[in-house]
Each structure stands twice: as structure tokens, then as C-alpha cells.
Q: 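I have a structure here, written as C-alpha cells, and I will follow up with some questions on it.
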Amino acid sequence: GEMDVLCTDKTGTLTEDEIVLERYMNLYGEDDRRVLRHAYLNAYFQTGMKNLIDLAIINRAEKYGFDRNLSNYKTVDEVPFDFNRRRMSVVLQDKTGKRQLITKGAVEEMVAISSFIELDGKVYPLDDEKLAIARKTYEKYNHDGLRMIAVAQKNEIPDSDHFGIADESDMVLIGFMGFLDPPKKSATPAIKALEDHDVRTVVLTGDSEGVAINVCNEVGIDTSLVYTGAHVEGMTDAELGKAIDDCSLFVKLSPQQKTRVIAAFQTKGHTVGFLGDGINDAPALRRADVGVSVDSAVDIAKETADLVLLEKDLMVLERGVLEGRKTFGNIMKYIKM
């Protein structure tokens with residue numbers, strides 16, 4: 001009832017959380033099943049929890065019968081995903097003994113570890129001119145609202161059984177995968193209803209700018225000012241305190257940066273709710289005055305939250321705010337009596 005700022009992660013809260021693989025493409029933006037095959041091997045052979053992106057890749061690849069060749073490969077090692085690197089790698093060996101390291105992840109982070117680029121079936125050193133081709137493709141589809149990840153690989157890898165982050169270097173960038181996660185129908189009226197009760201909605205997401213702006217525009221959140229995780233990192237607490245007055249969309253945030261934005265609201269006297277459902281949302285759920293998760297969230301998010309919604313519907317939150325205020329009003333009435 002006292003909440004006046006609701007911070008929400010984008011995925012699954014403002015969107016349907018039904019990720020569909022829309023495009024698999026080379027760096028020119030042309031459909032390329034070889035890029036899908038590499039992404040499939042990465043998603044299939046990783047041993048960690050498969051997220052919605054992994055499942056969307058696996059479902060599409062298996063429609064094309066890619067699973068028939070899985071027996072040709074065995075896993076040597078993997079470098080699991082983390083929220084700082086924003087990528088994950090597997091090392092595979094085929095029946096001829098050839099080894100390959102395949103990595104997929106957020107585009108900027110993937111470009112940072114790539115020294116080569118594959119265009120027209122040939123590998124070139126990654127210079128500004130070649131990078132511009134890849135960036136143009138990425139920006140076009142990202143602007144159209146597709147959630148983009150990059151795929152890279154390399155064959156020159158040591159004959160060892162243990163690999164780490166240092167091995168994710170001098171990669172060959174081969175293509176992109178584009179995913180669609182449509183906005184929820186209930187999000188727009190719910191955000192409007194919360195606004196009518198003086199609760200402001202702010203989006204804190206790890207996603208890239210293009211996708212987040214697209215979704216926010218559709219559900220009625222102001223996108224005229226956007227700050228990234230890099231901006232937040234460079235701000236002092238006082239600067240961040242000013243930034244939150246006008247900005248309702250923060251993108252490419254790490255879990256720690258989400259908690260820092262929430263803390264900035266709290267310092268200014270706001271009561272902050274946070275709605276999230278992923279592993280990376282747990283620190284923010286803990287920091288918020290009201291941590292809200294949903295029944296289909298990962299266990300750690302549900303355990304950290306104060307409230308768990310049995311359905312992913314923001315209108316439930318609006319009813320919760322009103323019930324909370326009613327309860328508070330009744331308590332005050334009886335104390336005064």
C-alpha cells in the first residue's frame with residue numbers, strides 16, 4: 001500500500017515470456033542454418049539450466065533434424081554463463097578428434113572477445129570496416145525489436161580438458177540469432193492503473209536498448225531518456241539520485257546495478273517494489289521494500305520475494321496496492337478510536 005515506485009524487470013513481467021526464435025543469420029543479415037547449428041550445439045551441450053533462449057534454439061533446430069548428428073560430438077568442457085561476461089561457451093570434440101569452442105552471448109561482449117569475422121565463407125581479421133557490416137545488421141534488427149545474441153567459434157584450442165574465461169579470446173564472429181518476446185496485453189492498462197494511484201513504473205533490465213525501448217513504447221513507459229549499465233557505473237550516488245527523477249528505463253544492467261538504482265530511490269524517501277522472476281533478479285528483490293515474484297519464477301527469486309503472484313498479471317498488483325492502503329487505513333482508524 002505504501003509503494004510509490006514499482007521497478008520491474010522486462011522479461012516475463014511486461015512481456016509474454018514466450019521467446020520465439022525469429023531469425024538466424026550471417027553477418028549480412030541473410031538466413032544461415034550454419035549459425036543455427038552452432039547455436040544449437042552450444043545450447044544442447046551446456047549442462048546448466050537451459051533458459052528460454054536455449055529452448056527456443058533447440059526447438060527450432062530439432063524441427064530441421066539437427067539432433068540426428070548429436071552422436072558425432074562429445075563435450076570436453078564448458079565455461080558457464082555469468083552476468084558479467086553475459087555469454088557461455090562449450091568445447092566439443094567430433095569423431096575425427098577435431099575440437100571446437102562455440103560461444104554465444106550478448107553482442108557487445110561477443111564482439112569484445114572476437115579477433116576475426118566470417119563473411120562469404122572466408123575468415124578475415126576483425127577491422128573497423130568489417131565490424132561496421134556486423135554492427136549495421138545488429139542495429140537494424142535490434143531497432144526492429146528483436147532480442148539479438150551473437151554466435152562465435154574457434155578451432156585453434158589447446159589439447160587440455162579444462163577451459164576458462166581466458167580461452168574465450170581470438171574468436172571468429174559468425175552470425176546472430178534474433179528472438180521475439182511480445183509485450184503482455186495486460187501490461188498497458190496495469191501501468192496506467194498504477195499511475196492513476198500515484199505509483200510510478202520504472203523498468204530495470206539486462207536487455208539491450210533496442211528491445212527494451214520497443215517493449216516500453218508499446219506498454220506506455222516513457223523512453224525519451226535511457227541510461228545503460230555503463231552510465232550507472234560511471235555515476236556518483238548524487239548523480240544517480242538526479243537521474244532517477246527523469247529516467248524510467250535503465251538497460252543492460254548487471255544485478256548489482258539494479259540494486260543500486262533501487263537504493264537510489266529509497267535514499268530519496270520512496271517505498272520501492274521490485275517485480276522479477278530470474279536468478280539475476282534475486283539481489284534486487286532482496287533490496288526492495290516489496291519484493292514481488294511470480295509462481296513460474298526460478299526458486300531463488302520466489303524464496304527471496306515477499307509476495308509471489310499466482311499469475312503473471314500486473315493488474316493483480318494494482319489490486320494489491322489498493323488492498324494494502326485499505327488495510328493501513330483501517331489500522332489507523334482503530335488506533336485513533
Side-chain angles (χ1 to χ4, degrees), residues 21 23-28 30-51 53-82 84-127 130-131 133-134 137 148-179:
L21 175 56
R23 295 292 310 273
Y24 42 90
M25 58 188 112
N26 61 23
L27 298 167
Y28 289 116
E30 301 156 345
D31 282 0
D32 188 339
R33 284 198 188 179
R34 188 168 160 268
V35 176
L36 175 59
R37 186 170 67 85
H38 278 83
Y40 173 57
L41 291 172
N42 173 290
Y44 183 86
F45 282 104
Q46 64 148 316
T47 58
M49 190 176 78
K50 297 193 191 323
N51 62 25
I53 282 179
D54 294 320
L55 296 173
I57 291 169
I58 290 168
N59 290 341
R60 175 62 65 88
E62 290 183 349
K63 280 183 187 163
Y64 296 142
F66 284 11
D67 49 331
R68 289 198 288 272
N69 301 321
L70 290 174
S71 57
N72 296 339
Y73 298 94
K74 69 168 190 175
T75 311
V76 178
D77 200 8
E78 69 179 292
V79 188
F81 180 87
D82 69 55
N84 292 324
R85 286 166 39 253
R86 299 175 76 221
R87 58 179 182 263
M88 72 86 46
S89 301
V90 294
V91 181
L92 302 178
Q93 184 170 313
D94 66 13
K95 284 184 171 172
T96 66
K98 177 189 153 194
R99 289 182 160 201
Q100 192 176 26
L101 187 144
I102 305 173
T103 307
K104 71 174 181 351
V107 174
E108 295 298 336
E109 283 74 2
M110 293 293 290
V111 168
I113 58 166
S114 298
S115 303
F116 303 95
I117 190 167
E118 188 177 296
L119 297 166
D120 303 315
K122 295 183 186 143
V123 175
Y124 302 93
L126 184 58
D127 56 24
K130 305 272 190 305
L131 182 57
I133 294 169
T137 302
M148 299 285 280
I149 66 168
V151 182
Q153 61 91 27
K154 72 172 176 179
N155 299 326
E156 313 294 322
I157 50 177
D159 201 17
S160 142
D161 288 338
H162 298 291
F163 291 82
I165 294 168
D167 294 292
E168 296 176 325
S169 59
D170 295 330
M171 304 289 292
V172 182
L173 191 64
I174 62 169
F176 299 119
M177 314 287 285
F179 302 85

Q: Please report the interatomic distance CG(Leu173) to CD(Gln153), rounded to the nearest 0.5 Å.
A: 10.5 Å
Q: Among residues at least two apart in sequence or on other chains, which ones pass side chain to side chain donor-acceptor pair (under 3.5 Å) with Arg86?
A: Glu109
Q: Which residue pairs pass the salt bridge (Lys or Arg N to Asp or Glu O under 4.0 Å) test with at least one member in residues 112-125, sequence neighbours excluded?
A: Arg34-Glu118
Q: Residues in side chain to side chain donor-acceptor pair (under 3.5 Å) with Thr103, at least two apart?
A: Ser89
Q: Which pairs pass salt bridge (Lys or Arg N to Asp or Glu O under 4.0 Å) with one or both residues in residues 40-50, sequence neighbours excluded?
A: none
Q: Side chain to side chain contact (heavy atoms under 4.5 Å, CB included), that's the test. Do Tyr40 and Ile58 meet it? Break it down for me.
A: CA-CA 6 Å; Tyr40 173 57; Ile58 290 168; 4.1 Å; yes
Q: Looking at Leu55, is its backbone amide N or carbonyl O close enough to the side chain of Asn59 to form a donor-acceptor pair, meaning the two atoms are under 3.5 Å apart?
A: yes
Q: Out of the candidates Glu168, Arg85, Lys154, only one should pair with Ile113 under the side-chain contact (heavy atoms from CB on, under 4.5 Å) rule; please name it.
A: Glu168
Q: Who passes side chain to side chain donor-acceptor pair (under 3.5 Å) against Asp161, sequence neighbours left out?
A: Arg99
Q: Are Arg33 and Tyr64 in a cation-pi contact, defined as NZ or CZ under 6.0 Å from the six-membered ring centre and within 45° of the axis?
A: yes
Q: Identify, with sequence neighbours excluded, every residue that meets side chain to side chain donor-acceptor pair (under 3.5 Å) alongside Asp94.
A: Thr96
Q: Looking only at the side chains, is there a donor atom on one of Gln46 and Glu78 sitting less than 3.5 Å from an acceptor on the other?
A: no
